[in-house]
2 protein chains.
Amino acid sequence: MEERQARTAFAALSQETRLRIVRLLVQAGPDGMAAGAIAEAVEVSPSNVSFHLKDLEHAGMIVPRREARSIIYSADFTGLRDLIAFLMKDCCAGHPEICAPALADARCGPPKAKKKARA
Amino acid sequence: MEERQARTAFAALSQETRLRIVRLLVQAGPDGMAAGAIAEAVEVSPSNVSFHLKDLEHAGMIVPRREARSIIYSADFTGLRDLIAFLMKDCCAGHPEICAPALADARCGPPKAKKKARA
DNA sequence: TCCTCATTTCAATGATTGTTGAATTGTAGG
DNA sequence: CCTACAATTCAACAATCATTGAAATGAGGA
């Protein structure tokens, strides 16, 4: 992933409404959600959600598809994956020992049995 | 990491000069670099670099220490690590199989022997 | 103490970005 | 074809952010 594209993605995720949309769509999974449903869920006007959806799409964080009268958006897992990879490459550049703990800490999937309070 | 803090970090990394500073400091490692040296490296005015350094510090991406007349900044690997963890938690929420490839792809350390063109 | 160097702070300006409501496009059903 | 509905586009305005140069702070050396 290029630096410019990464910056665009970071900018997209830095805005409250947009980050909420992304998290919502990640939760929703591949099925995605219609623009209207997203607007309702995040409580912003249709035109505003449309504005942010376009931004997220441009940033490669979500992907749209038409379905009847609705437009369904879903998380672009490839884009998210690439962004994580970009960040890790930077962070780990020459210092793998420092970033290795991130992997353990991020532990994909549901928490199995936390050892202590460690939110 | 809280969502609000993550947004601040994303915002910090979304700006060209700031992202360049972070990457520079990651490369520099724990020794870090003086503010003046950073300004020279990224080719912006001292006051401007100071503005961005403050922002990055606030975002938890870099950490300052005084050394004689200079102020030395270095990458905050803990902050970067936490941001990666935040992104992975989101991305992987319920979909570990989708994000797992990110780990292999980000491969900490120098590339060993790429199989093909896979930019 | 006085002087110098490194960095930060400040105020002003220009540039981006987010929000709003009205008008528009595009899809489906009667 | 006409109506209803989903979503987007547009123009305008408010708000936030980046850049600049001058002035201020703070640490060391003479």
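Order of the sequence lines fixes the chain letters, A, B, ..., with proteins taken first and strands second; residue numbering starts at 1 for each chain. Every heavy atom of this structure was used, including side-chain atoms; hydrogens, water molecules and symmetry mates were not.
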Considering all heavy atoms, the nearest Ala75(A)-Leu80(A) contact: CB-CD1, 4.5 Å
Between CD1 on residue Ile62(A) and CG on residue Leu24(A), distance to nearest 0.5 Å: 10.5 Å
Salt bridge (Lys or Arg N to Asp or Glu O under 4.0 Å) partners of Arg66(B), counting only residues at least two apart: none
All salt bridge (Lys or Arg N to Asp or Glu O under 4.0 Å) counterparts of Glu2(A), not counting sequence neighbours: none
Annotated protein contacts, base or backbone, on nucleotides 3-8 of chain D with a non-hydrogen cut-off under 4.0 Å, one of B, S, - each: -BBSSB
All pairs passing side-chain hydrogen bond (donor to acceptor under 3.5 Å, both in side chains) where residues 4-14 of chain B contributes a residue, at least two apart: none
CD1-CG distance between Ile21(B) and Leu56(B), expressed to the nearest 0.5 angstrom: 5.5 Å
Sugar-phosphate, base or nothing in reach of Ala39(B), heavy atoms under 4.0 Å: nothing
Sequence neighbours excluded - side-chain hydrogen bond (donor to acceptor under 3.5 Å, both in side chains) pairs with any residue from residues 36-52 of chain A: Arg18(A)-His52(A), Asn48(A)-His52(A)
Spacing of Met1(B) atom CE and Thr78(B) atom OG1 [to the nearest 0.5 Å]: 10.5 Å
By salt bridge (Lys or Arg N to Asp or Glu O under 4.0 Å) - contacts of Glu57(B) (at least two apart): none
Boundaries of the DNA chain C segment in contact with chain B, non-hydrogen, under 4.0 Å: dT4(C) to dT9(C)
Selection: residues 3-18 of chain B, any non-hydrogen atom under 4.0 Å of DNA chain C: none
With sequence neighbours excluded, residues passing side chain to side chain contact (heavy atoms under 4.5 Å, CB included) with Arg23(A): Leu19(A), Glu3(B), Phe86(B), Asp90(B)
Rounded distance (Å) that lies between atom P of dT9(D) and atom CG of Asp55(A): 13 Å
